[in-house]
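As a basis for the values below, the full set of heavy atoms in this structure was taken, side chains included, without hydrogen atoms, waters or symmetry mates. Just so we're on the same page: letters track the sequence lines, and every chain starts at 1.
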Protein chains: 2
Amino acid sequence: MEKTADAPTFDPACPMSAFPVQIGDKWTAMVVLCLEARPRRFSELRQLLGSVSAKVLTDTLRAMERDGLVSRSVFDENPPRVEYRLTALGRTLLQLVDAARSWARDNLDDLLSARRQHDDMPLPSPR
Amino acid sequence: MEKTADAPTFDPACPMSAFPVQIGDKWTAMVVLCLEARPRRFSELRQLLGSVSAKVLTDTLRAMERDGLVSRSVFDENPPRVEYRLTALGRTLLQLVDAARSWARDNLDDLLSARRQHDDMPLPSPR
DNA sequence: TAGGCCGGTTACCGCAACGTGACCGGTTAC
DNA sequence: GTAACCGGTCACGTTGCGGTAACCGGCCTA
């Protein structure tokens, strides 16, 4: 995916189409942040994320496990306990999430005000 | 969205839910890259992006214009010419896209091989 | 008169992501 | 007995993004 002088030209084999910046699905980035400090249990994650359903959180964690971003440990206690922790690979995502957050801190206000301004005058040529 | 000691706790007002790292829709990041070097015409973008339809590209560019990421200039020539260029705000996205690309360069292989390995043995306990 | 090019618009459609609600098996508490 | 807790699974419904196909109007060419 090096650009040749001028034109990027994305082919289907380009990594960007496999990973188009969007860091997995909707909740992946937040899960990464929740696991930054320490491993967490399933229900703990649900609480931290607030509005996520069990199914969607399960799907997200399964996908992250598949991709080697988190590891899942089952403790055969009672009540049963399951812990998720970031792998080394998962930790590498933290830089990226931080970069995104710092971009948002610096520029999101501009973006949102541009959007509001654009929405207030949606008539370019009344004709 | 500062974390208090330990728990991030995302509420709906959190910027992350308005901008969850994913840089707009599917093509936004690639459009940003295509416009890095210089402004481009509509059909030029279609060519560079390869497989995008006119409708989807139009939608993407309209959304980016709305958010103040690109500006659209119509030249009343013949044949009609329309140029899109990155705004200052749009240029700020370049750092983020670069960060994502460099993450991919460094870690995508690990992710993909973890995925392959996981897919080759999908039976945890056959009972 | 027909067709092509440019930069779209409109109508429609399929699919995957997202979400809801019910249920489950084992264990402990009431 | 039954109820709750944990960490899910299953069936189902909805939404919206991405994509296809047809068309448009103005200008130019054949």
Notebook entry, point to check: Think B:S43 has a side-chain N or O under 4.0 angstrom from the OP1 or OP2 of C:dG7?
Noted result: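 Affirmative; the distance criterion is met.
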Next item on the list: With DNA chain C as reference, determine whether A:P80 or A:D59 sits nearer its 5' end, using the nearest nucleotide of each.
Entry: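 Closer to the 5' end of DNA chain C: A:D59.
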Can you tell me the distance, in whole Å, between the [atom1] atom of [X] and the [atom2] atom of [N]?
X     : N      : atom1 : atom2 : result
A:F75 : D:dG8  : CZ    : P     : 13 Å
A:L49 : C:dC18 : CG    : P     : 13 Å
B:E83 : C:dG8  : CD    : P     : 12 Å
B:E77 : C:dC6  : CD    : P     : 13 Å
A:L45 : D:dG8  : CG    : P     : 10 Å
B:D25 : D:dT15 : CG    : C1'   : 16 Å

Margin query: Let me check the geometry of the helix from C:dT1-D:dA30 to C:dC30-D:dG1. What is the bend angle between the axes at its two ends, five pairs each, to 10°?
Written below: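 Computed from the C1' atoms at both ends, the axes differ by 30°.
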What's the closest nucleotide to the side chain of [X] if the choices are [options]?
X     : options               : value
A:R81 : D:dG7, C:dG8, C:dG19  : D:dG7
B:R41 : C:dC18, D:dG7, C:dC6  : C:dC6
A:V82 : C:dT20, D:dG8, C:dC18 : D:dG8
B:R62 : C:dG8, C:dC18, D:dT20 : C:dG8
B:R72 : C:dG8, D:dT20, C:dT20 : C:dG8

Main-chain N/O of [Y] paired with [X] side-chain donor or acceptor, under 3.5 Å:
X      : Y      : value
B:T87  : B:G68  : yes
A:R46  : A:S53  : no
A:Q117 : A:A114 : no

Notebook entry, point to check: Is B:R38 paired with B:E83 through a side-chain N to carboxylate O contact shorter than 4.0 Å?
Noted result: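 Salt bridge absent between B:E83 and B:R38.
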Note to self: Looking at B:D76 and B:R81, is any side-chain nitrogen of the basic one under 4.0 Å from a carboxylate oxygen of the acidic one?
What the structure shows: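 Looking at B:R81 and B:D76, the cut-off is not met.
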If you restrict it to nitrogen or oxygen atoms, what contacts under 3.5 Å exist between nucleotides 11-13 of chain D and the protein, and what is each distance?
none

Checklist line | Beyond-backbone contact of B:L57 with B:W27, side-chain heavy atoms, under 4.5 angstrom | finding: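 No, too far: nothing below the 4.5 Å cut-off.
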Check: Does A:V31 reach the side chain of A:M64, with side-chain heavy atoms less than 4.5 Å apart?
Finding: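 Answer yes - side chains close enough.
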Next item on the list: Between A:A54 and B:V56, name the one whose nearest nucleotide on DNA chain D is closer to the 5' end.
Entry: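 Of the two residues, A:A54 wins.
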